[in-house]
Structures are given as structure tokens and as C-alpha cells.
Amino acid sequence: MQDQRPRPLFMRLLRDLVEAYQAFEAYAQPHIKAQGLTPAQFDVLATLGNTDGLTFKVLGQRTLIYKTTLTSVVDRLEARGLVRRRPADNDRRSTVAELTDEGHRLFAEVFPAHSEHLRRKLEQLSEAEMQEVRASLARLRNVFD
């Protein structure tokens, strides 16, 4: 016999949030994989694009990838000739990851294509709806900070 009690509102919100994220991932990931990248590799490539490189600490903060995972993602991108490591100019103990010329070329190819892929869906929302969603997500983020 199934429990017929309504779930608390916060549980329904959690389910809605997870389902929205899953729908986003189901749409975004195949496009990223078609570019020959994993989602984490794309995240690093996109974050390093249009920069002179970032320390691993900053790269980790901007990508939200765990440090151990970030190291292996950068290792794979480095093996493909897309990223290189160098000591930070102001702190030799820190390492900077930066795109190689080939990495910049790939970024210039895949980032605009993926942005366009996402724009086609997100622009189904009006500007006011986008602002409302952004404000709601910011409030939600603040709840957990």
C-alpha cells in the first residue's frame, strides 16, 4: 500500500530542483560529448578561455570541481595538448593552468557553439522570467551559504 500523505513542500522543491538540473544535463551533455570533451573538461576549457591562465585554487573555485578531480581533468587536457602548467609568477608554490594555442583554438570553436546550443532553449524564457529565475536561484544559494 502506497503512502498517500502529501510530501512536505521543501521535499517537492528539492525534487523540482533535481529534475530541472537533470533536464539541463540531459540537453547539455550530449552536445559537449559531441565536441570530444567530458563535461568537466569543457568546464575547465571554458573557464580558462579568454584568460592568461588561472591558479589551480582559482580554477577550482570557478569550476566547482574538487581539487583531486581537477588535477586529473587538467592532466587529461594536458595530455591532449590543450592545457599546460607553469609556476605562478607571484608565488612559485602555486601552479597556473593555461590554454595552449591548440586549447585556445578549441575554445574558440566549442564555446560559442555550446553557448548557442544553450541559448536556443533558455531564450524560450522572457527577459523578465530569466531575471526572476536568477533572483530565485540567488536566494536559494544564499540559504545554503
Enquirer: Taking atom OG1 of T47 and atom CD1 of I65, what is their separation to the nearest 0.5 Å?
Expert: 7.0 Å
Enquirer: Roughly how far, to the nearest 0.5 Å, is CG of L99 from CZ of R105?
Expert: 11.5 Å
Enquirer: Side-chain heavy atoms nearer than 4.5 Å, only ILVMFWY residues, links allowed to pass through others: does that put F24 and Y27 together?
Expert: yes
Enquirer: Looking at every non-hydrogen atom in both residues, tell me the closest pair between G103 and L45 and how far apart they are.
Expert: O-CD1, 3.8 Å
Enquirer: Do R139 and S136 come within less than 4.5 Å of each other through their side chains, counting heavy atoms only?
Expert: yes
Enquirer: How long is the span from the CD atom in Q22 to the CD atom in Q29, to the nearest 0.5 Å?
Expert: 11.0 Å
Enquirer: In terms of ring plane angle, is the pair H114 and H31 parallel, tilted or perpendicular, where the classes change at 30° and 60°?
Expert: parallel
Enquirer: Are the side chains of Q124 and E129 in contact, using a 4.5 Å heavy-atom criterion?
Expert: no
Enquirer: Mind checking whether L140 and L17 have side chains closer than 4.5 Å, heavy atoms only?
Expert: yes
Enquirer: Any pair with a residue in residues 49-70 that passes side-chain hydrogen bond (donor to acceptor under 3.5 Å, both in side chains), sequence neighbours left out, goes on the list, sorted by first then second residue, please.
Expert: none
Enquirer: Quick check: closest heavy atoms across T100 and G81, and the distance to 0.1 Å?
Expert: OG1-O, 2.5 Å
Enquirer: How close do P30 and A26 get, heavy atom to heavy atom, and via which atoms?
Expert: CD-O, 3.1 Å
Enquirer: Identify whether L70 and V96 are in the same connected component of the hydrophobic contact network (ILVMFWY, side-chain heavy atoms under 4.5 Å).
Expert: no
Enquirer: With the side chain counted from C-beta on, respond yes when L82 and F107 share a heavy-atom pair under 4.5 Å apart, and no when they do not.
Expert: no
Enquirer: Please round to the nearest 0.5 Å and tell me the distance separating atom OG of S115 and atom CZ of R120.
Expert: 11.0 Å
Enquirer: Does atom CZ of R134 have more than 12 heavy-atom neighbours from other groups under 6.0 Å away?
Expert: no
Enquirer: So with a 6.0 Å cut-off around CD of E19, is the heavy-atom count from everything else above 12?
Expert: yes
Enquirer: Quick one: pull up OG in S94 and CG in D89 and give me the separation to the nearest 0.5 Å.
Expert: 11.0 Å
Enquirer: Are L137 and F144 in one and the same hydrophobic cluster, where Ile, Leu, Val, Met, Phe, Trp and Tyr link if side-chain heavy atoms are under 4.5 Å apart?
Expert: no
Enquirer: If I compare all heavy atoms of T95 with all of R85, which pair ends up nearest, and what's the gap?
Expert: CG2-CB, 3.8 Å
Enquirer: Are the charged groups of D101 and R84 less than 4.0 angstrom apart, N to O?
Expert: no
Enquirer: Does any non-hydrogen side-chain atom of D43 lie less than 4.5 Å from one of V73?
Expert: no
Enquirer: R80 and L37: which non-hydrogen atoms are nearest, and at how many Å?
Expert: NH1-CD2, 3.5 Å
